[in-house]
Amino acid sequence: MTVRTRYAPSPTGALHIGNVRSGLFAYLYARHCGGSFVLRIDDTDQERSTKESLDEILQSLAWLGIEWDDGPPDPKYFQSTRFDRYREAARRLLREGKAYPCYCTAGELDAMRKQAEREHRKPGYDGRCRDLPFAADIELPGANADRKYTIRFRSPHEGETVVEDLVKGRAVFDNAELDDLIIFRSDGVPTYNFATVLDDADFQITHVIRGDDHLPNTPRQMQIFLALGLTPPAYAHLPMVMGHDGSKLSKRHGATSVFAYRDAGYLPAALINYLARLGWSHGDQEVFSPAELIQFFDLNDCGKSAGIFNPEKLLWLNFHYMKERPLDLLAREVRPFIEKRGMQVPGDDAWLERVVATLRERAKTLDELAEFAGFYLRDEIQIEAKAAAKFLKPDIVEPLRVLASELDSLDGNFKEEAIKQAFERVMDRYQMKLGQLAQPVRVALTGGTVSPGIFEVIAVLGAERSGARLRKAIQQASQPGS
RNA sequence: GGUCCCAUCGUCUAGGGGUUAGGACACCGGCCUCUCACGUCGGGAACGCGGGUUCGAAUCCCGCUGGGAUCACCA
């Protein structure tokens, strides 16, 4: 049997990282097994489904590098194109007495639920229409029907349904606990639990891998498979991703969409690695390339308990991948973040690479790198008042002047080694330690007290900008208090 | 409330009868050092509780407690 898994997001909002992790695991499992991966769009709810969400989902998956074998743009993989199939299956169930029309209104159902809750009974449907007589060839609900009704699945009340979950193990459900769920709404739209069964069956899904919030749906879906004369697939329910407060990750926990992380300057490899390692492990290994993930991934190594999303660890992984990234790629990827900050790159790609080389070990995201690069990129820098007060004092004026002329005399030889020698000549002359000279220079050139090594800063900044900034600082230091 | 799921450092996890309970993030300290980082070395930090089974339980069983999910004409 060739493994075939699927991921079935509904295009009703941004692609969420908790949600996409399930898709990632399904993808990884399919690839690991040499099987195929299906992307299906669950858009039966036309009220809430939007083109924007669909685009975001597709772009997010593409950015993450999760590729599907079957799926959009093929219309076959959109539930909205399969209504005929759902209708046909529902008619068959009706004909065979495995489903029945229910004439209860939404309001009645709601009242019933509230009443049951007040009396501390289970709030499910009580089955009052279950044994009403109906014509075997009854119309499906829809605009044409003269009377409003839904179609319910007639679920068995005896026995139990056992889910042999590949991650959670065995879960036993008493069939008496399962009420008759609606498979077709009164507006003629099939509901999720019904449509998903037909899709999983028609697309020949062998393993349904999804979040464990779906575990309660599973016995119902299995019963529908059986009623249709089909064999249910294998199931694997992954534990949820929680926010810092231990509840299901949601918008109120801050950035949760894939786009948000992309826009904040995270690398897809880092996000993939982080998500994979949340709920799955392979010994003590923390860093996995996409190829390794596919090689090592196994459902047996998935944990059973929910995990809390930890932004710090993601940041650390991102930092790790940024350090490993080939310089030319990293420079190219930082560019949009520089532009987004309203800055220009006053040099060629090679120069930008030098900038990035000095900053990559100090930035945890592409955006942070762009921010740190500000002093290289802007024509004018702002000197922090506190830094100036501490380091740009009158007694540093002389050494800075000498340093400036030493640097001028370097002429074309603006290499780190030559710059270092220039510093040493000044330090000898004024009996200074490197720290005493480097900090004022750092303030003069970068505006603050924190930066990459001072020699590399000068080398990258170049003679012109270094000289101009030094002279400006000298001026400022000569007029204390101004 | 019913049903189902879960339980090792703060967090992600390894370990599944005998381990000084291992790693990673975060945190703290030393070293490196022109600042900040990086790097490196070191440190504190966990088997929820109670019963069993066993020579021996973090590990197996039961109960409790705690957490979570779910109970829609959403998916």
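Since we're looking at a predicted model, the values are computed, not measured. Proteins come first, then strands; the chains are lettered A, B, ... in the order of their sequence lines, and each starts at number 1.
Listed by residue number, the members of residues 427-437 of chain A with any heavy atom below 4.0 angstrom from RNA chain B are A:Leu434, A:Gly435.
One can place CZ of A:Phe455 at 7 Å from C1' of B:rC34, the figure rounded to the nearest angstrom. One interatomic measurement links the two molecules: CD of A:Glu361 to P of B:rC32, which rounds to 19 Å at whole-angstrom precision. Rounding to whole angstrom units, CD1 of residue A:Ile454 and P of B:rU33 are separated by 18 Å. If you measure from atom CD of A:Glu368 to atom P of B:rC36, you get 16 Å, rounded to the nearest angstrom. Here B:rU13 presents its C1' atom at 11 Å from CZ of A:Phe288, a figure rounded to the nearest Å.
Mapping A:Lys168 and A:Val450 onto RNA chain B by nearest heavy atom places A:Lys168 closer to the 5' end of the strand. When each of A:Ser305 and A:Lys323 is assigned the nucleotide of RNA chain B with its nearest heavy atom, A:Ser305 is the one assigned upstream, toward the 5' end.
Backbone-only contact: A:Val172 has heavy atoms under 4.0 Å from sugar-phosphate atoms and none from a base. A:Arg40 comes within 4.0 angstrom of nothing in the nucleic acid, heavy atoms only. Residue A:Phe194 is out of contact with every strand shown, counting any heavy-atom pair closer than 4.0 Å. Within 4.0 Å (heavy atoms only), A:Gly448 reaches no atom of the nucleic acid at all.
Sorted by first and then second residue, the pairs that involve residues 164-179 of chain A and meet salt bridge (charged side-chain N to carboxylate O under 4.0 Å, His left out), not counting sequence neighbours, are A:Lys122-A:Glu177, A:Glu164-A:Arg170, A:Lys168-A:Asp212, A:Asp179-A:Arg220. Pairs passing the side-chain hydrogen bond (donor to acceptor under 3.5 Å, both in side chains) check and including a residue from residues 305-316 of chain A, sequence neighbours excluded, read A:Glu286-A:Lys313. Sorted by first and then second residue, the pairs that involve residues 14-29 of chain A and meet side-chain hydrogen bond (donor to acceptor under 3.5 Å, both in side chains), not counting sequence neighbours, are A:Tyr7-A:Asn19.
Comparing the same atom, P, in B:rG66 and in B:rC25 gives a spacing of 35 Å after rounding to whole Å. Of the P atoms belonging to B:rA58 and B:rG42, the separation is 29 Å, rounded to the nearest Å. On the P atoms, B:rG63 is 12 Å away from B:rC4, given to the nearest whole Å. Rounded to a whole angstrom, the distance from the C1' atom of B:rC61 to that of B:rU54 is 12 Å. With both ends at atom P, the span from B:rC41 to B:rA46 equals 23 Å, rounded to whole Å. Across the P atoms, B:rG29 and B:rA37 are found 12 Å apart, a figure rounded to whole Å. Rounded to whole Å, the separation between the P atoms of B:rA45 and B:rU40 comes to 24 Å.
Looking at the side chain of A:Leu278, the nearest of the listed nucleotides B:rC36, B:rU13, B:rC38 is B:rU13.
Base pairing of B:rU35: no nucleotide in any strand meets the Watson-Crick or G-U wobble criterion (both distances under 3.5 Å).
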How does each nucleotide of nucleotides 62-75 of chain B score, in 5' to 3' order, for protein heavy atoms under 4.0 Å: base (B), sugar-phosphate only (S), or none (-)?
------SSSBSBBB
Summarise protein proximity over nucleotides 20-25 of chain B in one line of letters, 5' to 3': B for base, S for sugar-phosphate only, - for none, counting protein heavy atoms closer than 4.0 Å.
--BBBS
Donor-acceptor pairs are to be reported for all side-chain atoms of residues 443-451 of chain A against protein atoms at under 3.5 Å, with residues two or more places apart or in another chain.
| residue | atom | partner | partner atom | Å |
| --- | --- | --- | --- | --- |
| A:Thr446 | OG1 | A:Arg442 | O | 2.8 |
| A:Thr446 | OG1 | A:Gly448 | N | 3.2 |
| A:Thr446 | OG1 | A:Gly448 | O | 3.2 |
| A:Ser451 | OG | A:Arg442 | NE | 2.8 |

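The ring-ring contact (aromatic ring centres under 6.0 Å, His included) search around A:Tyr261 returns A:Tyr266, not counting sequence neighbours. With sequence neighbours excluded, no residue forms a ring-ring contact (aromatic ring centres under 6.0 Å, His included) with A:Phe319. A:Phe391 pairs by the ring-ring contact (aromatic ring centres under 6.0 Å, His included) definition with nothing, not counting sequence neighbours. With sequence neighbours excluded, the residues forming a ring-ring contact (aromatic ring centres under 6.0 Å, His included) with A:Phe309 are A:Tyr274, listed by chain and number.
Cation-pi geometry between A:Arg40 and A:Phe78 is not satisfied (NZ or CZ under 6.0 Å from the ring centre, within 45° of the ring normal).
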Using nucleotides 57-60 of chain B, report all nitrogen or oxygen pairs with the protein that are shorter than 3.5 Å.
none

